[in-house]
There are 2 protein chains.
Amino acid sequence: MVDVDGPDPVRRPRLQDVAAEAGVSTASASLVLRGAPGPGSATRERVLDAAARLGYRPDRAASLLARRRSRLIGVVMDVRSTFHAQLVEDVHEAADEHGYDLVLSTVTRTRDEERAVETLLDSRCEALVLLGPELPAERLDALDRQLPVVVVGRPVPSAGVDVVRVADDEGVAQAVEHLAGLGHRRITYVDGGRGVIAAGRRGGYERAMRRLGLAQQLQVLPGDAGEESGARAARALLAAGDLPTAVVTYNDHSAVGLLDVLLRSGVDVPGAVSVVGFDDSPLARLAHIDLTTVSQESDELTRLAVQAVVERLDGGRSERREVVVPPRLVVRGTTGPPAGG
Amino acid sequence: MVDVDGPDPVRRPRLQDVAAEAGVSTASASLVLRGAPGPGSATRERVLDAAARLGYRPDRAASLLARRRSRLIGVVMDVRSTFHAQLVEDVHEAADEHGYDLVLSTVTRTRDEERAVETLLDSRCEALVLLGPELPAERLDALDRQLPVVVVGRPVPSAGVDVVRVADDEGVAQAVEHLAGLGHRRITYVDGGRGVIAAGRRGGYERAMRRLGLAQQLQVLPGDAGEESGARAARALLAAGDLPTAVVTYNDHSAVGLLDVLLRSGVDVPGAVSVVGFDDSPLARLAHIDLTTVSQESDELTRLAVQAVVERLDGGRSERREVVVPPRLVVRGTTGPPAGG
DNA sequence: CGAGCGCTTTAAAGCGCTTTAAGACGTGGC
DNA sequence: GCCACGTCTTAAAGCGCTTTAAAGCGCTCG
C-alpha cells in the first residue's frame with residue numbers, strides 16, 4: 001500500500017547528504033560548514049554549494065549532543081515584565097558578541113522558577129542568567145555548584161553566585177538629592193514591600209534625607225511593586241489633606257499609579273507635586289507619562305552579566321564576583337521646583 | 001600533572017549510570033523513567049530509586065535526538081509586547097495539557113523574525129506558532145510546507161497556514177455601537193497604519209458608522225501602533241478646537257497616548273470625551289488607566305492555536321483552517337454618555 | 001630516490017538517549 | 001516432558017552531528 005498522504009514530506013537533508021552531494025566525507029562537510037580551519041578552498045566551495053543546493057540546515061539537537069560545549073546560556077525571565085523583556089534583548093546582543101546563544105525559559109502563573117531552571121539544566125546550558133530571581137539563596141548556591149550562575153538585579157548574600165545589580169540605595173539617594181536641589185524639603189517615599197531590593201531602596205531614602213538634614217521630613221508610606229500601591233499612597237496623602245511637595249516611589253509602576261490618582265484629582269504634576277520612579281521601564285518612557293526615574297542601566301547590567309558568564313566559562317575565573325553599577329537619574333517631566341518656590 | 005582546578009566537576013549521571021546502579025539495562029531504565037509500559041514493578045522501583053539516589057536528569061538534547069518525535073512547539077514572539085507575553089503564558093498552559101513543550105524565540109532589534117524562525121527550525125520543533133508575524137504571506141506558505149504553522153492574530157490570505165484571530169472589524173464595530181448606544185454621534189477613529197490588521201479595524205469603523213446612519217460623522221485620523229500616534233491625534237483635535245464626543249483607537253497604546261494629552265489639557269474623560277482602545281493589553285487594565293477596550297480573548301486565541309497544532313500533528317488534519325474569534329468589548333472607565341447627552 | 005614533512009581528507013568512535021527485534025523465563029496445555 | 005505462548009528484559013542499532021587519530025598526498029631535501 002502506497003503512502004496516502006500525498007508526496008513524501010521531504011526528509012530534511014542531513015550532513016551526510018551534503019557530503020555525498022559534494023563528494024566528500026561528512027567530516028570535511030562538518031568542518032566547512034562550521035568554518036573550522038582545515039579544508040582547502042576547493043572542498044569548501046563544493047560543500048557550500050552542495051549545502052545551498054539542498055537547503056541544508058544543521059540539526060541543533062544533534063550538533064549539541066556531539067559538541068563538547070553547547071555555547072548555550074540559559075536565561076530565566078518573567079515574560080510579563082517589560083523590564084525583563086528589555087534585559088533579554090540586551091543579553092541576546094551581548095551573548096551574540098561572545099558567540100553564545102540563548103535558551104529562554106519563562107516563569108508564568110503555572111510555571112515557577114524552579115521549573116524554568118530545570119528546563120534549562122536539561123538543555124545543556126553552560127551557565128544560567130537569572131533575572132530578578134526569587135529562589136532562596138541556598139538554592140542559588142546549590143545551582144552554582146552545578147554551573148556558573150549570574151543573578152541580575154538582586155543582591156544575594158551567598159558564597160557562590162555572581163551578582164550584577166544596580167546600587168539601589170544610591171539610586172533613591174540621587175532622586176532625593178535631585179528633589180532637594182530643586183528646593184524640595186517634604187519628600188515622601190512610597191515603599192516596595194519586604195524584599196531585599198525594597199529594603200535597599202528604602203534605606204537609600206532614609207540615609208539621603210538624614211544626610212540632607214531632612215530627618216524631620218521622613219515619611220515612608222507602605223506599598224509594593226504594583227500600580228495600585230502607588231494609587232493607595234496618593235489617596236492616603238490626599239485624604240490627609242497634607243500633600244508633600246515631592247514623592248519618590250519604589251518603582252515606576254507604583255509611580256504611575258500615584259501619578260494617575262494625583263492627575264485625576266486635579267493636582268498639578270510637577271507644579272504642585274513632583275514624582276520620581278525607579279527602573280526607567282518602558283512604562284516610564286511612554287511619551288506622556290514622561291516620568292522622572294532612576295535607570296537601572298539595563299544594557300550595562302546585561303553586558304556585565306554576560307561578561308561574568310564568559311569569564312567563568314572561558315576565562316577560568318572561579319571566585320565570586322559582585323558588580324554594583326551606579327544608577328543614573330533620568331530627569332523627565334514629573335519633577336520641578338516646589339510650588340512655593 | 002594533576003588537574004589543578006580542584007575537585008573534578010562531578011559529571012552528570014547518565015542513563016547508563018542509573019541503569020548500572022539499579023542493575024538493569026539502559027533500555028529498562030529508559031522505559032521506566034518515561035513511564036512507558038513494559039517493565040515490571042520490581043524493576044520500576046529499583047530504577048526510580050537509583051535515579052533519585054544519583055539525582056539523575058535526562059539530557060534533553062540526547063533524548064530529542066533519539067526520539068522519533070520532539071513534541072516541541074516553536075513560538076515566535078516579540079519580547080517587548082505585553083500582549084505577546086500574555087499569549088505566551090497561555091500557549092504554555094495549553095501546550096502542557098497536550099503534552100507538548102515550548103521553545104521560545106524572540107524578535108529583538110537585532111534579531112528579525114526570519115532569524116527567530118530559523119532557530120526554531122533547527123531545534124526540531126514539530127510546529128510553529130507565530131504571534132502577529134510580519135513575514136510576507138509567501139514566506140509563511142513556504143514554511144508551512146515544511147511543518148505546520150499557525151499564525152495568531154493576523155489574517156493571512158494564503159493557501160497553507162492556519163490562522164487564529166479575532167474579528168477585528170467586528171471588534172471596532174462593537175466599540176462604535178457601544179458609544180452610539182450611549183448617545184454619541186461624533187465618533188472619531190484613530191488609524192493604525194498600513195497593515196492588514198489596521199485595514200480590518202478601520203473597515204469595521206467605517207461600516208459600523210454607515211450602518212448607524214452616522215456616515216456624516218466619519219472621521220479617520222492617521223496613526224500607528226504607538227503611544228505617540230494617539231497623542232498626535234489628540235493634539236490635532238484640540239488644535240482644531242473641535243473635539244468629537246468619542247474616539248476609538250487602533251490599539252491600547254494609541255489610546256493611552258491620546259488619553260494622556262486629553263487629561264493634561266484638562267479635558268474630562270469620559271465626561272467630555274469617551275475613549276475606546278483595542279487589545280485589552282495589561283496596559284489598559286492598569287488600575288488607573290482603566291481603559292474601555294476590545295479584548296482579543298487571548299486565552300481563547302491560544303487555546304485554539306494549540307488545538308490547531310495538535311490537530312495537524314496528531315489528528316492528521318491537512319486542510320487549512322482559519323478560526324475567527326468574536327471579540328469582546330470590555331467596558332471600563334473611559335466611556336460614558338456624551339456631555340450634552 | 002626514499003625519507004620526511006606539511007597540508008588535506010577521512011574512517012571511526014562517540015555524544016546520551018530511544019526503540020526494536022530478539023532473547024530469557026516462566027506457565028499451562030496436551 | 002515438550003511445545004506454544006505471554007511477560008519481562010536486553011543487546012544493539014541508530015538519531016545527526018563532532019572530533020580525533022590516522023591515512024593520503026604531493027613536495028622538498030639530503
Side-chain angles (χ1 to χ4, degrees), chain A residues 9-48 50-51 54-72 99 101 119 121-126, chain B residues 9-48 50-51 54-72 99 101 119 121-126:
Chain A
V10 242
R11 247 174 48 63
R12 240 176 112 137
R14 291 160 311 152
L15 183 62
Q16 207 179 107
D17 303 323
V18 175
E21 173 89 7
V24 301
S25 71
T26 61
S28 300
S30 172
L31 260 10
V32 170
L33 290 172
R34 275 172 305 122
S41 55
T43 312
R44 283 220 124 71
E45 199 167 329
R46 307 184 51 191
V47 170
L48 260 15
L54 298 178
Y56 173 75
R57 326 215 72 231
D59 183 315
R60 287 186 114 215
S63 128
L64 213 56
L65 183 58
R67 204 149 48 199
R68 288 302 142 91
R69 302 199 32 194
S70 70
R71 302 203 73 86
L72 245 34
D101 209 346
T119 302
L121 289 180
D122 297 346
S123 302
R124 299 210 155 206
C125 292
E126 295 184 26
Chain B
V10 242
R11 248 172 49 62
R12 241 176 112 136
R14 290 160 311 152
L15 184 62
Q16 207 179 108
D17 302 324
V18 175
E21 173 89 6
V24 302
S25 70
T26 61
S28 300
S30 172
L31 259 12
V32 169
L33 290 172
R34 275 172 305 121
S41 55
T43 311
R44 284 219 124 71
E45 199 166 330
R46 306 183 53 193
V47 170
L48 260 18
L54 298 178
Y56 173 74
R57 326 214 71 230
D59 182 323
R60 289 186 113 214
S63 127
L64 214 57
L65 182 58
R67 204 151 45 200
R68 287 304 141 91
R69 301 200 34 195
S70 70
R71 302 203 74 85
L72 246 32
D101 209 346
T119 301
L121 289 180
D122 297 346
S123 303
R124 300 209 155 207
C125 292
E126 296 184 25

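What you see below is based on every heavy atom in this structure, not just the backbone, and it leaves out hydrogens, waters and symmetry mates. By convention in this document, chain letters (A, B, ...) are assigned in the order of the sequence lines, proteins followed by strands, and residues within each chain are numbered from 1.
- S30(B) comes within 4.0 angstrom of a base, heavy atoms only.
- Atoms CD (Q16(B)) and C1' (dA12(D)) sit 13 Å apart, rounded to a whole Å.
- For the pair A19(B) and A29(B), the tightest heavy-atom approach, listed with the atom from each and the gap, is CB-CB, 4.1 Å.
- R34(A) has a side-chain polar atom (N or O) that falls below the 4.0 Å cut-off from OP1 or OP2 of dT18(D).
- Of the candidates dC17(D), dT10(C), dT10(D), the closest approach to any side-chain atom of L15(A) belongs to dC17(D).
- For the atom pair S41(B) OG and R46(B) CZ, the distance stands at 12.0 Å (nearest 0.5 Å).
- For the pair R12(A) CZ and dG16(D) P, the computed distance is 10 Å after rounding to whole Å.
- With dT19(D), dT10(C), dC15(D) as the choices, the nucleotide that has an atom nearest any side-chain atom of R68(A) turns out to be dT19(D).
- The nucleotide whose nearest atom lies closest to any side-chain atom of Y56(A) is, among dC17(C), dC17(D), dT19(D), dC17(D).
- Summary for the helix from dC1(C)-dG30(D) to dC30(C)-dG1(D): the axes at its two ends, each from 5 pairs, differ by 70° when rounded to the nearest 10 degrees.
- For L31(B) and R124(B), each mapped to the nucleotide of DNA chain D holding its nearest heavy atom, the one lying further toward the 5' end belongs to L31(B).
- A salt bridge links E126(B) to R69(B): at least one charged side-chain nitrogen sits closer than 4.0 Å to a carboxylate oxygen.
- Residues V32(A) and L48(A) share a closest heavy-atom pair of CG1-CD1, 3.6 Å.
- The structure places CG of D59(A) at 10.0 Å from CG of L65(A), a figure rounded to the nearest 0.5 Å.
- We find the OG-CD distance between S30(B) and Q16(B) to be 13.0 Å, quoted to the nearest 0.5 Å.
- Taking atom CG on L64(B) and atom P on dC15(C), their separation rounds to 19 Å, with Å as the unit.
- R60(B) places its CZ atom 13 Å from the P atom of dC17(C), with the value rounded to the nearest Å.
- Rounded to whole Å, the distance from CZ on R67(A) to P on dT18(D) is 7 Å.
- How far CZ of R12(A) is from CZ of R57(A): 7.0 Å, rounded to the nearest 0.5 Å.
- Contact between S123(A) and R60(B) at its shortest, heavy atoms only, is OG-CD, 3.3 Å.
- Distance, D122(B) CG to dG16(D) P: 14 Å, rounded to whole Å.
- In this structure, L72(B) places its CG atom 20 Å from P of dC15(D), rounding to the nearest Å.
- Going from atom CG of L64(A) over to atom CG of D101(A) covers 10.0 Å, rounded to the nearest 0.5 Å.
- Nearest nucleotide to the side chain of A27(A), out of dG16(C), dG16(D), dT10(C): dT10(C).
- Note that the CD atom of E21(A) and the CG atom of L54(A) stand 4.5 Å from one another [nearest 0.5 Å].
- Of the candidate nucleotides dC17(C), dG16(D), dT18(C), dC17(C) has the atom nearest to the side chain of A62(B).
- Within the 4.0 angstrom heavy-atom criterion, no nucleotide atom of any strand lies near R69(B).
- Listed pair S63(B) / dC17(C) fails the phosphate criterion, with no side-chain N or O lying under 4.0 Å from OP1 or OP2.
- Non-hydrogen atoms lying under 4.0 Å from DNA chain C are contributed by G38(A), P39(A), G40(A), T43(A), all within residues 36-46 of chain A.
- One can place CG of L65(A) at 13 Å from C1' of dT19(D), the figure rounded to the nearest angstrom.
- Between S28(A) and the phosphate of dT10(C), there is a side-chain N or O to OP1/OP2 separation shorter than 4.0 Å.
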